[in-house]
Every structure is written in C-alpha cells, then in structure tokens.
Student: 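Input: one structure, supplied below.
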Amino acid sequence: MKIRLGSKCPFSLEVTQCCGQAFRWNKQGEWWYGVVRDKAFKLCQIGNELEFEDVDADFVKDYFGLADDLPRIYSQICIDIQMTKAIEMFRGLRILHQDPWECLISYICATYKNISAIKQMLFNLSKRFGDKIDFEGNVFHTFPNAERLAKASLKELKECSLGYRAKFVSETAKTVRENDFEFERLRRAPYERAKAELLDFPGVGRKVADCVLLFSLGKVDAFPVDVWIRRAIIRHYASYFPDKFINRIRSQKSLTDSEYEKLNSFGRKHFGKYAGYAQEYLYHYERTQT
DNA sequence: GTGACACCTGGTAG
DNA sequence: ACTACCAGGTGTC
C-alpha cells in the first residue's frame, strides 16, 4: 500500500528513524522493519511516496505523526539562527507516537548508555520476554508487557545486560501491573501533572519523564535535557544565562534537579508550545555536527 | 533545598 | 595489555 505525501506534509523517514527516538527499527535494503505494539511491518520512502506492507494507512499516519502540521510548527520554532540551520538540515523529521509502556522502559534503560547499547538491551528484552511474530519468514518480537517483565527475575533481566537498571525495570513493571496504570490518562492530563506521575516510578527522573511525555504521550511542549541538549545550550544559547551558571554546568558531570529545571524551562519558554520539536532538531544537530 | 558519590556494562581513546 | 573515560541520569546518603 502507498500514500502520497503532499507538499504541505514534509516527512523524512530516514531522518526520523536515525535521530534516536525509537530503538527497535532496522533497515534492510530499502525497507525499514519494525514492531509497533502487536504488529510487525515494513515501510520505505521514495520521494514523496510512502510505501508499506502488512499495516493500514491510519496506523502509519498516527505512528509517524503525519497529522502534525510541520510547516506551522516550523514557523513557531524557527526563531533563531541555530534552529533555522537545524530545520534546513533535517526537514521532515517528525516526533513518533510510540507506545508509552515501551517508551518508559526504553528510557529507563537509556541512562548512561549510548544508542547502540540501548538497542541491544531492548532487543535482548524483547527476544527473551516478548511474543514471537513471523513476518516474511523472519522472526520479530513484541515488546514484553508489564506482566511479563514483572514476573522476570533480576537475574534474567541482568542477563539482558541491563545492569543496575534491572531493578528499576522490575519495580516499575510491578507498579504498573499492580495499579493497573493507565498511560492513556496522562495523555489528557496537563504537562506538569503527567510529569509528576511519571516521576513516581523508580528509575524515572526529570529527563526520562520528559522523553516519555514527548515521544509517547503527545506532549510536544516537553523539552528533555540530556548531555547533548546541555552542550547545545552551552554552545549556542549561553547568552540567555549568567556566566557563572554556564561555567558551572559546563564543568559538571551531571545536572542537579534545579539546573535541569532551569534548562528545561528555558527551552519551553524560548521555543513555545512546540518546544519538543525544537529539542529533537537541536539534539540531532548537536549529535551529528561535531 | 543542595551537593557529592555510587552505579552495570561495553566501547574506545590514550 | 592496561587504565581512564564516556555513554540520551537517578537514587541515596
């Protein structure tokens, strides 16, 4: 099946897949293969045509955020030289609509890891605890639900190379299952409220909470601050902060909560209601331009 | 409310 | 070969 993307709907599958939001996609030849919720499917883009198999168009449109009015978003966040460059370079990058549960576990696992290591951990978890799916003769796996991960022993989780994150994943899974936690409820809650609820999960701090809100709960005003965003701000937005503050966060290994809040609220105020989109462009720019 | 430190593990620069 | 450091930070004194 194919859909044609109009000129008002810029989209780059390649950039979107390579900017490090989601971790369980792989490219083979021209096609991207992935599993979303219970569904394995593949897709490829040629020019303004998006082709896919084994999944319907509405699902694709939803997952890849094709309903987001990107030209409008650009007009709102394109307010300085830095963002202008990033948008020019990565036009068509979109925020995915990931599954909140998978997203939460993914970013709990992401602390102190690089992207390839994160992919490896999530692959291990899926292979060991997920359900098999046969697609085109290849084996794929769903991401294990809360019940499956709650039942897993710490030893088993550590064998997936989770290290100290095993305990966080296990306890978060147990909490989600015991409370029958409804992620969809957070979609309707305001940003601050939804964030506060996520912060209650073990292994979830401000950065992880912001990632989950942005990448899976539709909070496009969330502005996750990681090492790359910190570097980007130090490099391009230092003039918005006192010198003393910049020097301090430049020399530290990690941010304190209050330093995080300062950078986070700067991003949200500076870029406005689509700050999350600005964050992704800045993040990808900083990672690829050094 | 802040600040220092430990933390699994795999890769890579010195 | 061996050490040091870093990786999409968080929890705990």
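We name chains A, B, ... by the order of the sequence lines, and we start the count at 1 in each one. The shown structure was predicted, so the numbers you read here are calculated from the model rather than taken from an experiment.
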Student: Could you check which of C:dG9, C:dG11, B:dG3 has an atom nearest any side-chain atom of A:F168?
Tutor: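 Within the option list, the nearest is C:dG11.
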Student: Does any N or O in the side chain of A:E171 come within less than 3.5 Å of the main-chain N or O of A:A150, such that one atom is a donor and the other an acceptor?
Tutor: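 Such a contact is absent between A:E171 side chain and A:A150 backbone.
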Student: Would you classify A:A110 as touching base, sugar-phosphate or nothing, given that sugar-phosphate means primed atoms plus P, OP1 and OP2, and contacts are heavy atoms under 4.0 Å?
Tutor: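 Sugar-phosphate contact only - A:A110 comes under 4.0 Å of backbone atoms but never of a base.
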Student: Across the strands shown, which category fits A:R206 at heavy-atom distances under 4.0 angstrom: base, sugar-phosphate, nothing?
Tutor: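 Answer is sugar-phosphate: A:R206 comes under 4.0 Å of backbone atoms only.
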Student: Return yes if the base of C:dT10 and the side-chain atoms of A:K207 contain a donor-acceptor N/O pair under 3.5 Å, otherwise no.
Tutor: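 In this structure, the two groups form no donor-acceptor pair.
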Student: With a non-hydrogen cut-off below 4.0 angstrom, is A:S116 in contact with a base, only sugar-phosphate, or nothing?
Tutor: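 If one applies the 4.0 Å heavy-atom cut-off, A:S116 turns out to touch nothing in the nucleic acid.
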Student: Counting the atoms with a prime plus P, OP1 and OP2 as sugar-phosphate, which does A:D226 contact under 4.0 Å by heavy atoms, base, sugar-phosphate, or nothing?
Tutor: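 Base, at least one base heavy atom under 4.0 Å.
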Student: Please give, in whole Å, the distance from B:dC7 P to A:I108 CD1?
Tutor: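 So the CD1-P distance, A:I108 to B:dC7, works out to 20 Å.
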Student: For the pair A:E14 and A:K27, find out whether any cationic side-chain nitrogen is under 4.0 Å from an anionic carboxylate oxygen.
Tutor: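 Salt bridge flag = yes for A:K27 with A:E14.
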Student: Going by an N to O cut-off under 4.0 Å, is there a salt bridge joining A:K273 and A:D221?
Tutor: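 Salt bridge: no.
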Student: Need one value for A:R230: base, sugar-phosphate or nothing, where a base atom within 4.0 Å counts as base even if backbone is also close, heavy atoms only.
Tutor: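 If one applies the 4.0 Å heavy-atom cut-off, A:R230 turns out to touch nothing in the nucleic acid.
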Student: Over all strands shown, is A:Y283 touching base, sugar-phosphate only, or nothing at heavy-atom distances under 4.0 angstrom?
Tutor: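 Base contact.
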